[in-house]
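The first residue of the sequence shown is numbered 1, and numbering continues consecutively from there. None of these values were measured; they are calculated from a predicted model. Heavy atoms only: backbone and side chains are in, while hydrogens, waters and symmetry mates are out.
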Amino acid sequence: MDADGEGVLARAMRILACFTADDPDLSATRIGELTGLSSSTLHRILAQLVEHGLVARAPGRRYIVGPRLWELGELSPLSLRLRETALPHMQRLYEATGENVHLAVLDAPSPQRAAALYVGRVTGHSSIPTLSRMGGRHPLHAVGVGKAMLAQQSEEWLRQFFETPLERETAHSITSEIALRADLEATKARGYALAREEMTLGNISIAAMIGHVRGLPPAAIGVVVHIDRADERRLAGLVRQAAAALGRELRDAR
């Protein structure tokens, strides 16, 4: 541990956290700017990360996330148990709809910092473009899978969640606690969540909770479709069917 009380692991995590979808490769100079680490400390830790395959060198004296980090991630229950079991169900849902199919889990170190983490995706040439990607995050209140998971949380959990102001992603985003609570009650009543142009203009997402599975975080499956071709009743039925079948298979496997 260094004089400031921060250990090597914490500093390594600060370095790894610099890589994003917008910045998948970075120079040492940029990493230093983002982390505030001294040049000597930064290069020492980068060398260790490269040695263990967690970071790799790229052309132009830049760095990228290393293959060992991906390999370790694939050992997570989110990959081995959830995504691998879900893929056939997601494929059938895609074949029935022709639309983007998403699988997300509740990533919640605390209710105030909770988000929808996307762990699976099936799409095709005719599917509409979306902002979601494998490993990406979206705010719970603005997407169907997020609302599906929010609707299952306890009152105390929601109380803490609403302590953080909700950001407006589009003009249609629900940012009022009263309005969102009403939306979540409607979600529970009809058995599926609906987000109308709340994350991306022109798109509607319909999602359903998979149900509690021991050893896994809350999860939801959904589709995203253009508003002009959204048959809500049909899509909701197919999504609910897929969520129920996936939940049964995951619970039976235990």
Side-chain angles (χ1 to χ4, degrees), residues 1-84 86 102-121 123 129-143 145-146 149 160-161 163-167 169 199-200 215-220:
M1 184 166 301
D2 293 290
D4 61 4
E6 186 180 44
V8 174
L9 178 58
R11 294 183 178 213
M13 289 303 299
R14 284 169 59 189
I15 292 172
L16 293 173
C18 293
F19 297 96
T20 67
D22 293 328
D23 294 301
D25 60 283
L26 296 165
S27 66
T29 299
R30 181 56 179 156
I31 296 173
E33 293 172 351
L34 293 171
T35 61
L37 295 173
S38 68
S39 179
S40 60
T41 298
L42 175 63
H43 283 89
R44 182 177 71 252
I45 298 176
L46 276 173
Q48 293 173 345
L49 291 172
V50 169
E51 180 182 355
H52 292 285
L54 302 178
V55 167
R57 291 187 175 90
R61 304 183 69 177
R62 301 176 76 82
Y63 293 89
I64 57 175
V65 172
R68 180 60 175 157
L69 201 57
W70 172 82
E71 183 182 3
L72 290 171
E74 288 296 292
L75 297 177
S76 164
L78 299 183
S79 294
L80 291 178
R81 286 187 59 202
L82 179 58
R83 190 187 66 202
E84 292 305 306
H102 294 146
L103 177 69
V105 298
L106 182 67
D107 182 34
S110 68
Q112 295 91 335
R113 296 169 55 199
L117 173 63
Y118 286 73
V119 297
R121 185 169 183 258
T123 188
T130 65
L131 296 175
S132 63
R133 63 174 180 82
M134 289 276 288
R137 285 179 168 81
H138 282 320
L140 294 169
H141 68 285
V143 292
V145 287
M149 293 185 286
Q160 296 180 57
F161 171 77
E163 289 177 357
T164 302
L166 303 177
E167 295 188 7
E169 304 296 331
M199 189 68 205
T200 306
L216 291 175

key: salt bridge (charged side-chain N to carboxylate O under 4.0 Å, His left out): pairs with one or both residues in residues 63-80, sequence neighbours excluded   = Arg68-Glu71, Glu74-Arg83
Show the nearest heavy-atom pair for residues [X] and [Y], with the distance to one decimal.
X      : Y      : value
Glu167 : His141 : O-NE2, 2.7 Å
Ala116 : Val145 : CB-CG2, 4.4 Å
Ala58  : Ile64  : CB-CG2, 3.9 Å
Phe19  : Tyr63  : CE2-O, 3.2 Å
Met149 : Ala220 : CG-CB, 3.9 Å
Pro217 : Val105 : CG-CB, 3.8 Å

From [X] atom [atom1] to [Y] atom [atom2], the distance as rounded to the nearest 0.5 Å:
X      : Y      : atom1 : atom2 : value
Arg11  : Gln48  : CZ    : CD    : 12.0 Å
Leu117 : Leu103 : CG    : CG    : 9.5 Å
Ile45  : Met13  : CD1   : CE    : 12.5 Å

Scan the side chains in residues 24-31 for donor-acceptor partners under 3.5 Å anywhere in the protein, sequence neighbours excluded, and list what turns up.
| from | atom 1 | to | atom 2 | distance (Å) |
| --- | --- | --- | --- | --- |
| Asp25 | OD2 | Arg62 | NE | 2.6 |
| Ser27 | OG | Arg30 | N | 3.1 |
| Arg30 | NH1 | Glu33 | OE1 | 3.1 |

Any side-chain heavy-atom pair of Leu166 and Pro139 under 4.5 Å = no
inquiry  = Quick one, Leu37 and Ile15 - any side-chain contact, counting heavy atoms below 4.5 Å?
reply    = yes
task = Go through the steps for Ser76 and Ser79 under the test side-chain hydrogen bond (donor to acceptor under 3.5 Å, both in side chains), then give the verdict.
result = CA-CA 5 Å; Ser76 164; Ser79 294; 5.3 Å; no
message = Apply side chain to side chain contact (heavy atoms under 4.5 Å, CB included) to residues Leu49 and Leu69 and explain how you reach the verdict.
response = CA-CA 10 Å; Leu49 291 172; Leu69 201 57; over 6 Å; no
inquiry  = Checking Leu16 against Val65 for the side chain to side chain contact (heavy atoms under 4.5 Å, CB included) test, could you report, in this order, the C-alpha distance in whole Å, the side-chain angles of both residues, the deciding distance, and whether it holds?
reply    = CA-CA 8 Å; Leu16 293 173; Val65 172; 5.6 Å; no
